[in-house]
Amino acid sequence: MKKAIQLIDQDLTKFEEYFSKAVKSNAPLLDRIMQYIVKRKGKQMRPMFVLLSARLGGDITDTTYRAASLVELLHTATLVHDDVVDESPERRGFFSINALWKNKVAVLVGDYLLSKGLLLSLNNNDYKVLQILSEAVRQMSEGELLQIEKARNLNLSEDIYFNIIKGKTASLLSSACAAGASTTFPDNQNIEKMQQFGEKVGMAFQIKDDLFDYSSENVGKPTGNDIKEKKLTLPLIYTLNNCESKLRRKIIYIVKNENRDPEKVKFVINTVNECGGIDYATRKMLSFRDEALALLHSFPVADTRDALEDLVRYTTDRQF
């Protein structure tokens with residue numbers, strides 16, 4: 001990730017100016033919340049993918065910065081809404097918006113961020129960027145709803161799981177790369193290639209998140225949060241599909257009825273490890289990463305390509 005940051009350090013600074021301006025509000029309460037959001041921003045991986053995807057095709061333009069701002073606005077809006085849905089009191093180690101200002105305000109803040117993003121593109125006639133990212137919002141909503149629907153009976157196939165994460169996680173990263181590419185590449189072929197690249201990276205990124213819940217390596221201790229929330233992720237899906245029926249019934253019972261019992265959760269984590277769920281999910285993650293790199297390597301050798309590869313490898317090597 002260091003290589004990527006070094007290459008686009010000045011571009012990121014300029015993006016932050018665009019983003020801060022985009023979230024500015026005339027309402028004192030909104031402005032206070034926006035300042036809170038800006039100060040506690042995350043790693044900004046999605047804007048980095050926008051900027052680097054654009055650089056792969058040519059010089060970054062004002063449209064590129066607006067595209068990066070729209071991606072970050074959409075991403076932040078979904079996080080604010082997710083915290084309301086999940087009743088989460090924290091985000092990135094700080095109080096969530098709903099914890100500080102209650103659910104009603106948080107929902108309206110998410111809506112505000114979404115509308116600001118759409119207006120940013122519309123007011124500047126960035127219709128291609130808007131089209132690409134509006135499609136991402138649709139896919140994200142469908143992915144979340146599919147997950148809610150399927151979580152009820154805890155009977156999830158790998159295909160459905162991949163459809164869920166393609167929608168809820170990979171679609172935004174896919175659209176970020178396509179949106180960035182659309183601001184510099186003159187042809188649809190390369191834009192579509194970058195969209196596919198972003199999707200593969202997004203799939204690997206989500207599986208890495210799933211693995212954190214089961215592996216004690218790097219994160220100190222297994223969290224078991226996905227089990228507590230009755231989420232079926234790839235390590236657990238593999239285990240349920242490849243263990244004997246008696247053990248399968250026991251795991252499903254724990255996830256449904258005893259997911260708050262630390263010892264029971266620990267039993268599920270250990271079983272997933274013993275049954276090869278971690279190894280299997282890791283292989284799948286690395287397979288998606290390699291598919292992304294193969295698409296990236298179809299472009300000419302350049303510093304930008306190296307920086308993108310650095311960013312891709314970070315998504316699967318990161319420790320948090």
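Here the structure is a predicted model, which means the values were calculated and not measured.
- Every residue meeting the side-chain contact (heavy atoms from CB on, under 4.5 Å) condition with Ala176, not counting sequence neighbours, appears here in chain and number order: Val50, Val71.
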Check residues 242-253 and write down every donor-acceptor pair under 3.5 Å in which the side-chain atom is one partner and the other belongs to a residue at least two apart or another chain.
residue : atom : partner : partner atom : Å
Asn242  : ND2  : Tyr238  : O            : 2.7
Arg248  : NH1  : Leu240  : O            : 3.0

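- Under the 4.5 Å side-chain criterion, counting only non-hydrogen atoms from C-beta, Tyr214 is in contact with Ile227.
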Please list every donor-acceptor pair under 3.5 Å in which a side-chain atom of residues 258-268 meets a protein atom from a residue at least two apart or in another chain.
residue : atom : partner : partner atom : Å
Asn259  : ND2  : Val255  : O            : 2.7
Asp261  : OD1  : Glu263  : N            : 3.0
Asp261  : OD1  : Lys264  : N            : 3.4

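- Put simply, Leu114 and Ile97 are part of two different groups of oily side chains (I, L, V, M, F, W, Y) that touch within less than 4.5 Å, one to the next.
- In this structure, Arg318 forms a cation-pi arrangement with Phe205, its terminal cationic atom sitting closer than 6.0 Å to the ring centre and no more than 45° off the ring axis.
- Here Lys166 does not pair with Asp159 in a salt bridge; the nearest charged N to carboxylate O distance is not below 4.0 Å.
- When the side chains of ILVMFWY residues are joined at heavy-atom separations under 4.5 Å, either directly or via intervening members, Val129 and Phe185 end up in two distinct hydrophobic clusters.
- Atoms CG and OH, on Leu311 and Tyr314 in that order, are 9.0 Å from each other to the nearest 0.5 Å.
- Within the structure, side chain to side chain donor-acceptor pair (under 3.5 Å) contacts touching residues 139-149 (residues at least two apart or in different chains) are Glu135-Gln139, Arg138-Glu142, Gln147-Lys168.
- One hydrophobic cluster holds both Ile191 and Leu296 under the rule that ILVMFWY side chains link at heavy-atom gaps under 4.5 Å.
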Only pairs under 3.5 Å count here: list side-chain donor-acceptor contacts from residues 193-203, not counting sequence neighbours, and write none if there are none.
residue : atom : partner : partner atom : Å
Lys193  : NZ   : Ser298  : OG           : 3.0
Lys200  : NZ   : Glu291  : OE1          : 2.7

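- Legend: residues meeting side-chain contact (heavy atoms from CB on, under 4.5 Å) with Ala281, ordered by chain and number and at least two apart, are Ile207, Leu211, Leu234, Pro235.
- Expressed to the nearest 0.5 Å, how far OG1 of Thr315 lies from CZ of Arg313 amounts to 10.0 Å.
- Evaluation of the side-chain contact (heavy atoms from CB on, under 4.5 Å) rule for Ser20 yields Val38 as partners, not counting sequence neighbours.
- With sequence neighbours left out, Thr64 forms a side-chain hydrogen bond (donor to acceptor under 3.5 Å, both in side chains) with Thr61, Thr183.
- Separation of atoms CZ (Arg46) and CG (Leu73) is listed at 13.5 Å; rounding is to 0.5 Å.
- Atoms CG and NE2, from Leu308 and His297 in turn, are 10.0 Å apart once rounded to the nearest 0.5 Å.
- Thr184 approaches Ser53 most closely through the heavy-atom pair OG1-O, 4.3 Å.
- The side-chain contact (heavy atoms from CB on, under 4.5 Å) search around Met140 returns Thr78, Ser171, Leu172, not counting sequence neighbours.
- At a threshold of 4.5 Å between side-chain heavy atoms, the hydrophobic network of Ile, Leu, Val, Met, Phe, Trp and Tyr places Tyr18 and Leu70 in two separate groups.
- The heavy-atom pair separating Thr316 from Arg289 by the smallest distance is OG1-CD, 3.4 Å.
- Contact detail for Thr239 and Gly277: the closest heavy-atom pair is OG1-CA, 3.9 Å.
- Looking only at distances, no side-chain donor or acceptor of Asp210 sits under 3.5 Å from a matching main-chain atom of Thr233.
- In this structure, CD in Glu72 is found 11.5 Å from CE in Met48, a value given to the nearest 0.5 Å.
- In this structure, the ring pair (Phe, Tyr, Trp, His ring centres under 6.0 Å) partners of Phe288, at least two apart in sequence or on a different chain, are Phe162.
- By the criterion of side-chain heavy atoms lying less than 4.5 angstrom apart, applied directly or through intervening Ile, Leu, Val, Met, Phe, Trp or Tyr residues, Leu133 is not grouped with Ile60; the two fall into different hydrophobic clusters.
- For the salt bridge (Lys or Arg N to Asp or Glu O under 4.0 Å) test, residues two or more places apart in sequence or in another chain that qualify with Asp11 are Arg55.
- Between Asn273 atom CG and Ile269 atom CD1 the span is 8.0 Å, to the nearest 0.5 Å.
- Using a 4.5 Å cut-off on side-chain heavy atoms (C-beta onward), Phe299 and Thr304 make no contact.
- Taking both residues in full, the closest heavy atoms of Ser69 and Phe19 are given as OG-N, 3.6 Å, listed atom of the first, atom of the second, then distance.
- Side chains of Val23 and Leu113 form a contact here, defined as non-hydrogen atoms less than 4.5 Å apart.
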Take Asn163 and Leu146 through the test side chain to side chain contact (heavy atoms under 4.5 Å, CB included) and record every step on the way to the result.
CA-CA 9 Å; Asn163 280 338; Leu146 181 60; 4.1 Å; yes

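- Note on residues 19-32: pairs passing salt bridge (Lys or Arg N to Asp or Glu O under 4.0 Å), not counting sequence neighbours, are Lys24-Asp31.
- More than 12 heavy atoms of other residues, nucleotides or ligands sit less than 6.0 Å from atom CG of Asn123.
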